[in-house]
Structure formats: structure tokens, C-alpha cells
Q: 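Shown below is the structure under consideration.
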Amino acid sequence: GAFYFFQKGTSSDTITSGSHDLFYIKISDTLKSDFTFWIENAQLQSFEGDTVLKLRYVPGLRYEAYYLKKDNADLKYHWDNFVNGAATIEKEKIRIQVFEKMDHNLLLENTFIYKP
């Protein structure tokens, strides 16, 4: 199975509300329960189905996000966010980290500047 995560449209290291704040995610169903995302000073929320996530600036908090398995036949997985403590970076920065759940290996890390 494949795992893809990147900014939708033109990539930028600066994010503002409504600009460069959409991310494309593609994970095969067999791998969806294998990854966890840590997002500092922001949340990644479902935006278009289960393939586009929208970043929402939430300074001072770190969120953990991942796919939860659902029993609903129409929707096998649901993207969800949970508060996971205080952010450890400056409030004008947003950090997204992707980990493997089993051994907590860091697979991807991106840091962005947030401008209101």
C-alpha cells in the first residue's frame, strides 16, 4: 500500500487562512490504522472526503490525529483530532509530524510559518 501526504496546489512554507492550508492525503485502507499525525499550533480537519485535509490554526496546542475504524459500511474510516498537550514550538510556526503507530518511527516532518 502507498502513503502520500503533501500540500494541495502550490507548495509553500508559509500558511495563511485560505492560502496553502489544504493538504492531500492518500493512504490505502490497509494502512490507515498504522499512522498517527502530531500537529502543533494547528488541527488537520476533514475537508473533502477522506483525501483532503484543511489546516486550522490553533496556537498553543498540540493535536494528535489519525483514522479511526468505523463499523458503518459506507465509511470504513473516519479522520479525527484529539488534544495531546501543549505545543513545544513558537506560536507563529506549525509543525506536522507523521509517525508509525507501532514503533513510533518518525516518517515525515514539516514546519511551516503561519501568517494571519
Q: Does any non-hydrogen side-chain atom of Val98 lie less than 4.5 Å from one of Phe3?
A: yes
Q: Using the side chain to side chain donor-acceptor pair (under 3.5 Å) rule, collect all pairs that involve residues 101-111, keeping only residues at least two apart or in two chains.
A: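 Of all non-adjacent pairs touching residues 101-111, those that pass side chain to side chain donor-acceptor pair (under 3.5 Å) are Gln97-Glu109, Glu100-Asn105, Asp103-Asn105.
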Q: Sequence neighbours excluded, which residues qualify as ring pair (Phe, Tyr, Trp, His ring centres under 6.0 Å) partners of Tyr66?
A: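 Partners of Tyr66 by the ring pair (Phe, Tyr, Trp, His ring centres under 6.0 Å) criterion, ordered by chain and then number, come out as Phe82.
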Q: Distance check, rounded to the nearest 0.5 Å: Leu107 atom CG versus Phe35 atom CZ?
A: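 The distance works out to 6.0 Å.
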Q: With rounding to the nearest 0.5 Å, note down the distance linking NZ in Lys70 to NZ in Lys76.
A: 15.5 Å
Q: Provide the full list of side chain to side chain donor-acceptor pair (under 3.5 Å) pairs with a residue in residues 32-44, sequence neighbours left out, each pair given once.
A: Asp29-Lys32, Lys32-Asp50, Thr36-Glu64, Glu40-Thr88, Glu40-Arg95, Gln43-Gln45, Gln43-Arg56
Q: Share the residues that join Val83 in a hydrophobic cluster, the rule being Ile, Leu, Val, Met, Phe, Trp or Tyr side chains under 4.5 Å apart at the heavy-atom level.
A: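 Direct or chained contacts put Val83 with Val58, Leu61, Tyr63.
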Q: Transitively linked via ILVMFWY side-chain contacts under 4.5 Å: Phe6 with Phe112?
A: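 No, it is not one cluster - the side chains of Phe6 and Phe112 are not joined through contacts under 4.5 Å.
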Q: With a 4.5 Å heavy-atom cut-off, do Gln7 and Phe23 have their side chains touching?
A: yes
Q: Side-chain contact, heavy-atom cut-off 4.5 Å: Leu55 with Ile96?
A: yes
Q: Residues in ring pair (Phe, Tyr, Trp, His ring centres under 6.0 Å) with Phe37, at least two apart?
A: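 Result, ring pair (Phe, Tyr, Trp, His ring centres under 6.0 Å) vs Phe37: Phe5, Trp79.
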Q: In the single-linkage hydrophobic clustering (I, L, V, M, F, W, Y; side-chain heavy atoms under 4.5 Å), do Ile113 and Ile15 co-cluster?
A: no
Q: Which residues pass the salt bridge (Lys or Arg N to Asp or Glu O under 4.0 Å) test with Lys26, not counting sequence neighbours?
A: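 None.
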Q: Please collect all side chain to side chain donor-acceptor pair (under 3.5 Å) contacts where either partner lies in residues 8-21, sequence neighbours excluded, each pair once.
A: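 Counting only pairs at least two positions apart or across chains, the side chain to side chain donor-acceptor pair (under 3.5 Å) contacts touching residues 8-21 are Lys8-Glu48, Asp21-Lys54.
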Q: Checking Tyr77 against Ile27 for the side-chain contact (heavy atoms from CB on, under 4.5 Å) test, could you report, in this order, the C-alpha distance in whole Å, the side-chain angles of both residues, the deciding distance, and whether it holds?
A: CA-CA 11 Å; Tyr77 289 89; Ile27 303 175; over 6 Å; no
Q: Could you give the distance from CD1 (Ile25) to CG (Leu53), rounded to the nearest 0.5 Å?
A: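 Rounded to the nearest 0.5 Å, the CD1-CG separation comes out at 5.0 Å.
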Q: Under the salt bridge (Lys or Arg N to Asp or Glu O under 4.0 Å) rule, what pairs show up with a residue in residues 80-89, not counting sequence neighbours?
A: none
